[in-house]
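This report concerns only the one structure given below.
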Amino acid sequence: MTSFLAVLTIVAVAAITPGPNNFIVMSASLRGGVAAALPAIAGVIAGSTALLVLVWAGAGTLFEVVPEIQPVLRIAGAAYLIWLGFCLIRKASGPSDGTDDQALPETALGVASFQLLNPKGWILVVTSVSAVGGTLVGIASLAVIFVAVMGLCLMIWSVAGQLISRWLVDPRSRRMFDTVMGVLLMGSAVLLLP
């Protein structure tokens with residue numbers, strides 16, 4: 001029971017703290033409100049659950065057998081996050097021509113697929129599975145925790161996006177917001193590097 005409480009805490013902290021999934025959900029909410037963020041939330045949860053199944057099916061063991069995969073995945077994921085941050089900063093510093101240069105995935109399938117490159121997601125899943133063991137009951141319990149906790153935390157980010165959307169109508173405020181989000185994405189990516 002203690003391991004599940006620890007995992008619940010880890011999932012809650014990982015899901016509520018700023019990261020690419022939160023930015024994807026907030027971005028969708030900024031564009032179309034909470035309803036527009038629901039596919040992104042579903043994509044994050046579906047992708048994270050797919051990672052959970054992959055780790056349970058042997059990807060975690062693969063990481064132990066071939067440890068060289070972990071730094072490659074971490075570097076690839078960090079490079080992608082740096083690229084996303086760069087796109088946001090470039091968008092913020094360029095002239096606004098009315099087009100939306102969206103670097104973040106927008107569809108539920110795109111967001112779910114993004115989880116394969118999300119180092120924070122891999123770390124969370126591998127840590128969670130290690131904490132509760134690889135039993136079917138443990139994995140099913142983790143899936144329930146992921147759906148409930150991630151759903152709640154991402155919904156909070158969605159509501160936050162809708163609340164600040166009025167402020168971001170002003171082009172200057174939007175540029176500042178995109179720059180800050182880009183820098184935060186790049187900074188979180190750098191923290192993932194060895």
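The residues of the chain are indexed from 1 along the displayed sequence.
Listed here is the closest heavy atom pair of Asn118 and Pro20: OD1-CG, 3.9 Å. Contact detail for Ile24 and Ala40: the closest heavy-atom pair is CG2-CB, 4.0 Å. The minimum heavy-atom distance linking Leu30 with Ser165 is given by the pair CD2-CA, 3.7 Å. Considering every non-hydrogen atom in both Ser158 and Ala37, the closest pair reads OG-CB, 3.3 Å. Taking both residues in full, the closest heavy atoms of Phe114 and Asn21 are given as CE2-OD1, 3.6 Å, listed atom of the first, atom of the second, then distance.
Hydrophobic clustering of Ile, Leu, Val, Met, Phe, Trp and Tyr side chains at less than 4.5 Å, counting indirect connections, unites Leu163 with Trp157. Put simply, Leu116 and Leu109 are part of two different groups of oily side chains (I, L, V, M, F, W, Y) that touch within less than 4.5 Å, one to the next. Follow the hydrophobic side-chain contacts under 4.5 Å out from Ile164 and you reach Met176 in the same cluster. The hydrophobic cluster containing Val53 does not contain Ile45, counting ILVMFWY residues as joined when their side-chain heavy atoms lie under 4.5 angstrom apart, directly or transitively. Taking hydrophobic clusters as Ile, Leu, Val, Met, Phe, Trp and Tyr residues chained together by side-chain heavy-atom distances below 4.5 Å, Val180 shares a cluster with Phe177.
Thr179 and Arg175 share no donor-acceptor pair across their side chains, judged by distance under 3.5 Å alone.
With sequence neighbours left out, Ser173 forms a side-chain contact (heavy atoms from CB on, under 4.5 Å) with Trp167, Leu168, Asp170. Residues forming a side-chain hydrogen bond (donor to acceptor under 3.5 Å, both in side chains) with Asp178 (at least two apart in sequence, or on another chain): Arg174.
Pairs passing the side chain to side chain donor-acceptor pair (under 3.5 Å) check and including a residue from residues 34-49, sequence neighbours excluded, do not occur.
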Return all side-chain donor-acceptor pairs below 3.5 angstrom for residues 126-155, not counting sequence neighbours, or 'none' if the list is empty.
unit_1	atom_1	unit_2	atom_2	d
Thr127	OG1	Ile123	O	2.7
Ser128	OG	Leu124	O	2.7
Ser130	OG	Val126	O	2.8
Thr135	OG1	Gly138	N	2.9
Ser141	OG	Val137	O	2.8

